[in-house]
Protein chains: 2
Amino acid sequence: MKNKIKIERAIHDLTQADLAEKIGVSRQTINAMEKNKYVPSTVLALKISRLFKKPVEEIFFLDQDD
Amino acid sequence: MKNKIKIERAIHDLTQADLAEKIGVSRQTINAMEKNKYVPSTVLALKISRLFKKPVEEIFFLDQDD
DNA sequence: ACTTAATGTAAAGTTTATTTTACTTTTTGT
DNA sequence: ACAAAAAGTAAAATAAACTTTACATTAAGT
């Protein structure tokens, strides 16, 4: 899976730490998500897409491995 | 988090086992998801919503605990 | 160039998702 | 009523998410 969190963060001018705090996870979790180190839970995907006011599918994408 | 997997399954006339096979998880995982025993990964949410041709947000919902 | 903020990374630990096996209960069809 | 299919459940095991701490690297501002 891939995602556009970094881009959305730039659009909204948020640091990783800002975003982490807003959705209630650690900064490293945001960093690891952006770097595709692991797949976030659906709760996180919903929170992030709600914050960025975009559908989940516009931020998170399945790829070949999935 | 809550979800409408059971309803979507009924609409598409799929058993838990059918759905499990289609998205590549065990039947118990589907059952547990329907029973809100745990939160699925975003990959599963995307696969399920793709299969049911509906946005993730129409199948999975944040609630108070989230 | 210097300082600070932001990002990247990593290891160890905890929690939670998911699997496997297996059994019970409920639903459905005849 | 009976048989078969589907759903519910549970325990043990494994994999993966997420946290915490801590440090290194990069970017940005003065």
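What you see below is based on every heavy atom in this structure, not just the backbone, and it leaves out hydrogens, waters and symmetry mates. Letters go in sequence order (proteins before strands), and every chain restarts at 1. Keep in mind that what you see is a predicted model, and the values were worked out from it rather than measured.
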Does the side chain of Ile59(B) reach to within under 4.5 Å of the side chain of Phe52(B), using non-hydrogen atoms? yes
Side chain to side chain, Lys35(A) and Ile5(A), heavy atoms closer than 4.5 Å: no
Here the residues of residues 48-66 of chain A within 4.0 Å heavy-atom distance, strictly under, of DNA chain C are none
Kindly work out whether a path of hydrophobic side-chain contacts (I/L/V/M/F/W/Y, heavy atoms less than 4.5 Å apart) joins Tyr38(A) to Tyr38(B). yes
Can you tell me how far the CD1 atom of Ile30(B) sits from the CD1 atom of Ile23(B), to the nearest 0.5 Å? 4.0 Å
Nucleotide-resolved protein contact map, nucleotides 2-20 of chain C, B/S/- at heavy-atom distance under 4.0 Å: ----SBBBB------SBBB
State plainly whether one hydrophobic cluster holds both Leu44(A) and Leu62(B), where clusters connect Ile, Leu, Val, Met, Phe, Trp and Tyr through side-chain heavy atoms under 4.5 angstrom apart. yes
Using the side chain to side chain donor-acceptor pair (under 3.5 Å) rule, pick out the option among Lys4(B), Arg9(B), Lys6(B) that qualifies with Glu34(B). Arg9(B)
Distance-minimising heavy-atom pair for Val56(A) and Glu57(B): N-OE2, 2.8 Å
Terminal axes of the helix from dA1(C)-dT30(D) to dT30(C)-dA1(D) (five pairs each): angle between them, nearest 10 degrees: 70°
Taking the side chain as C-beta and beyond, is there a heavy-atom pair between Leu19(A) and Leu51(A) under 4.5 Å? yes
5' to 3' contact window, DNA chain D with chain A (heavy-atom distance under 4.0 Å): dA17(D) to dA22(D)
Any side-chain heavy-atom pair from Phe60(B) and Ile48(B) closer than 4.5 angstrom? yes
Name all pairs fulfilling the salt bridge (charged side-chain N to carboxylate O under 4.0 Å, His left out) condition that reach into residues 43-53 of chain A, sequence neighbours left out, sorted by first residue then second. none
On a heavy-atom basis, which atom in Met33(B) and which in Asn3(B) lie closest, and how many Å separate them? O-ND2, 3.0 Å
I'd like to know if the side chain of Asp63(A) and the backbone of Met1(A) have a donor-acceptor N/O pair within less than 3.5 Å. yes
Between protein and nucleotides 25-30 of chain C, what N or O pairs are separated by less than 3.5 Å?
none

Return yes if some donor-acceptor pair links the side-chain N/O of Ser49(A) with the main-chain N/O of Ala45(A) below 3.5 Å, else return no. yes
What one should report as the nearest heavy-atom pair of Val39(A) and Thr42(B) is CG1-N, 3.9 Å
Might you confirm whether atom CD of Glu21(B) has over 12 heavy atoms from other residues, nucleotides or ligands at distances under 6.0 Å? no
